[in-house]
Amino acid sequence: MRWLVGWSSVAASFRATTYGTTAYGTTTYGAGAYGTGAYGAPDGQGRTAGAVGEPDEGRTVHPVGAQLLWGDPDPLWAVGDWRPDEIRLVSVGADTRLAVLGCCAATDEELRLGLFAARGGALRHLSAWPGSYTAVAQVARRITVVGDLAGARPVFHTPWAGGTAYATAALPLADLIEAQLDIGHLAALLACPDVPEALGDSTPYAGVRRIPPGHALVLREGSREITGYEPFASLAVAAPQRAPAEAVDGVRDALVRAVRARLTAPRHAPETPPPDPGPVPGMGPAERRAARGGPAPGIGSDLSGGPASATLALLAAGLPGAPGTVLGHGTGAGERLLAVTFNDLTVPGGQAELERAGAMAANPRLHHVVVTGGDEALPYADLEGPLTDEPGPCLITAPRHRARLLSGSADHFTGSGARQVLDAHPARLADLLMDRQRRHLLRPATALAKTGGPSAHSLFVPLTVYRAARRLARTPYRTGIESAADALREPRFDDEASPLSVSLAALSWTRPGPAARWLTGEALAEVSVRLMASATRPAPSQRPGEARASAALARYASDHRVLEQAAEVRGQRLHAPFLDNQVVRACRALPESLRVQPGARATILRTVLSASGVRDLPPGWGAPSHAPSTAAARAGLRQYADPLVSLFEAPLLADAGLIEARTVRKALRAAAAGEPLPLDGLADLVSTELWLRRLLARRGTCWTGTAAPKQRAVAGGVTPPRRPTLRA
């Protein structure tokens, strides 16, 4: 796990004692509001000077295992196994400097120009370079931390020592302030995981806040301001639409630059694994190395047979340069890119994708490795794992992904996020109606109707989809949020939900998540209160479909970040170019009429490959199925039902007042028996329970020094929230 952390302290002359807050505006924390406690106001070397007017020299606090990037009154550290080329510092004076952490293809001159632009207030320039990175700019006592558009590289902040501390991970800040659990956030995460109105800017740790995607955190001597750097179109006037061919060319250019940014970065060979014991029957060199642990040197990619991973693999293999392994390591095939395909032996139905992957791997620039998985690679097979920054449903499948990534390369491409940035959310049909583009609704409405099975072949079903889209287009934001809050107070869940009913439910401003049916009434009521409170805030400047698609992307990016931490292979970097800022921007520029058409993602990526010189694609390319993953989840539940039921004999979620253990145990047994229950909801419950157990089992904190926190975060365990009661 890699993160950066720093803080902005209050000037010694600051004596304010007021405390103000707004939703996403400016919040000023005075020295008298929170006080300075035992920590005091930090200086650049991690030394604290006690409370204002109470000097206490010599006390220190700094992250464990950190390297100091700059000191002075507002220090910045990088923590973790950062590569040397992943940390770039540019300065144009003693008090004007820029730190870029991650994969960034900008030249030093471009970084300097971006720093000059940021000094004048143009923050968008800091997010416009190819790659995936976090930028921190300091101009005198003003510090700007720029988050990304997708949410895969979030920024967190918290009041501390009369100022503000910030980091790209929430747990270090929680340790810094000795935070307790935010039970309300966990309830909202389970009840409405992709609804920003329910989650707000909270995190699982009380007092630690998250800036929303597309925003930047600006600190001035401890005071905080959260500002957006991405323009949005008005609800009244639609944004000018680009021509479809021009928009697709923009996606191609952004993807090519994103892939080239990784190819032109310095190559890395991971640390030397244990010695090879020699030939093993049935195992090649790659399998023996994966068994010993550690990725192969050089660059590789997933090759699942689907369009996203195949596009990245073929682009990386076809661009000029040597995309393969470092010369002198492994087989010495410096021109070949390592392509990894996972073959699940326990679940039928993936043979077509495997054949397509094999056909594409016939490219002489690709070295194909097929990783097989049996019962040990099923979801829920391994409930042990590392502690992640936040909970996520991928915790139950992390060992499955790790088995594949162990056979990958030191720099490994993955197609994560392509569906979220390219596909159309069903709510985008309402956006077309708002733009009076009814002629483009026929094909997507018919496609949604066909997902309902034989009962959906009526001529009235597309009309039902159209009516739902029109109702959403005419529903004001506040009305939609209040209706969702009312629905949580009187929940009604359908166990026999069809794909069509799910799509119709998505044609709304918000909807409950799949795990909401197993939450207690008190937990749902608390989430309902959060929704009602958000309805009083100003409505977003996005249309309903655009807002729902952005929320789904943020939810997926957050889960991808958790997956990176849970399935991390030491010395390996996962690259998801579809979540890069420039790729997200290019995909947002696609016309709605093109995006909503069935098969639009495969068509766009096929055009991207064709324009890059790749035209020979196997039959059926672009038509992957989610059936194998669903079947794998059900097989894992059936195979490991007993350990899961034991996990909920005395669950921490029940101690927090979020679930009733007996109800969840009954649902797990029913799902293992084959009843049609939402498996995603059960995955959310299991992963959250696992995360809570790992959090409470940890020892130590992220900080050291004479003024370091006395206790770690959540040292008091899980305690139910205090709710008002009615007394006679």
Side-chain angles (χ1 to χ4, degrees), residues 103-106 110 127-133 148-150 152 230 239-265 299 301-321 323 337 339 356 360 363 365-366 411-424 428 549 553 557 575-618 621-624:
C103 178
C104 179
E110 290 174 333
S127 67
W129 299 309
S132 178
Y133 54 88
D148 66 335
L149 291 177
E230 199 70 7
Q241 296 285 333
R242 299 179 65 181
E246 181 183 356
V248 174
D249 288 343
V251 174
R252 180 203 64 199
D253 293 342
L255 274 177
V256 169
R257 286 194 296 267
V259 172
R260 184 178 285 117
R262 277 77 175 186
L263 293 181
T264 56
I299 296 180
S301 175
D302 284 342
L303 188 63
S304 65
S309 61
T311 298
L312 295 178
L314 294 175
L315 281 179
L319 289 177
L337 181 138
R356 286 195 293 268
M360 288 181 287
N363 188 324
R365 283 182 169 267
L366 294 177
D411 290 277
H412 196 77
F413 285 101
T414 175
S416 300
R419 184 180 302 274
Q420 284 68 30
V421 298
L422 288 173
D423 283 10
R428 286 190 180 271
L553 174 60
H575 300 284
F578 285 102
L579 299 179
D580 288 3
N581 285 343
Q582 290 298 79
V583 177
V584 172
R585 286 192 179 103
C587 294
R588 285 179 176 176
L590 292 170
E592 297 290 341
S593 57
L594 171 64
R595 187 192 295 270
V596 299
Q597 301 307 318
R601 172 163 48 101
T603 302
I604 293 171
L605 294 181
R606 186 187 295 271
T607 305
V608 168
L609 289 176
S610 177
S612 301
V614 180
R615 299 178 178 84
D616 188 14
L617 297 174
W621 185 88

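Residues: numbered from 1 along the sequence shown. None of these values were measured; they are calculated from a predicted model.
Considering all non-hydrogen atoms of both residues, Leu149 and Arg588 come closest at O-NH2, 4.0 Å. Closest of all the heavy-atom pairs between Ser127 and Gln582 is O-OE1, 4.2 Å. The minimum heavy-atom distance linking Ala152 with Leu579 is given by the pair CB-CD1, 4.1 Å. Residues Cys103 and Ala261 share a closest heavy-atom pair of SG-O, 3.9 Å. The two residues Asp302 and Ala313 have their closest heavy-atom pair at O-CB, 4.0 Å. Closest of all the heavy-atom pairs between Leu314 and Leu617 is CD1-CD2, 4.0 Å.
Annotation: side chain to side chain contact (heavy atoms under 4.5 Å, CB included) contacts of Pro618 (sequence neighbours excluded): Arg356, Ala359, Met360, Trp621. Residues satisfying the side chain to side chain contact (heavy atoms under 4.5 Å, CB included) test with Ala600, not counting sequence neighbours, are none. Checked against side chain to side chain contact (heavy atoms under 4.5 Å, CB included), Ser612 has the following partners two or more places apart in sequence or in another chain: Arg252, Val256, Leu315. Residues passing the side chain to side chain contact (heavy atoms under 4.5 Å, CB included) test with Ala258 are Arg262, Pro577, Asp580, Val583, sequence neighbours excluded. For Arg606, there are no salt bridge (Lys or Arg N to Asp or Glu O under 4.0 Å) partners two or more places apart in sequence or in a different chain.
Here the side chains of Glu110 and Cys104 are not in contact, with every heavy-atom distance at 4.5 Å or above. With contacts defined as side-chain heavy-atom distances shorter than 4.5 Å, the pair Val584/Leu553 qualifies. Taking the side chain as every heavy atom from C-beta outward, Ser301 and Leu337 approach each other to under 4.5 Å. The closest side-chain heavy-atom distance from His575 to Ile299 is not below 4.5 Å.
The closest donor-acceptor contact from the side chain of Asp148 to the backbone of Asn581 lies at 3.5 Å or more, if one exists at all.
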Show your reasoning for whether side-chain contact (heavy atoms from CB on, under 4.5 Å) applies to Val614 and Asn363. CA-CA 11 Å; Val614 180; Asn363 188 324; over 6 Å; no

Would you tabulate the side-chain donor-acceptor contacts of residues 303-312 under 3.5 Å, counting partners in other chains and residues two or more places apart, or write 'none'?
from: Ser304; atom 1: OG; to: Gly306; atom 2: N; distance (Å): 3.2
from: Ser304; atom 1: OG; to: Ser309; atom 2: OG; distance (Å): 3.0
from: Ser309; atom 1: OG; to: Ser304; atom 2: N; distance (Å): 3.1
from: Thr311; atom 1: OG1; to: Pro307; atom 2: O; distance (Å): 2.6

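Residue Cys587 forms a side chain to side chain contact (heavy atoms under 4.5 Å, CB included) with just one option from Asp423, Ile604, Leu422, Leu255, and that option is Leu422.
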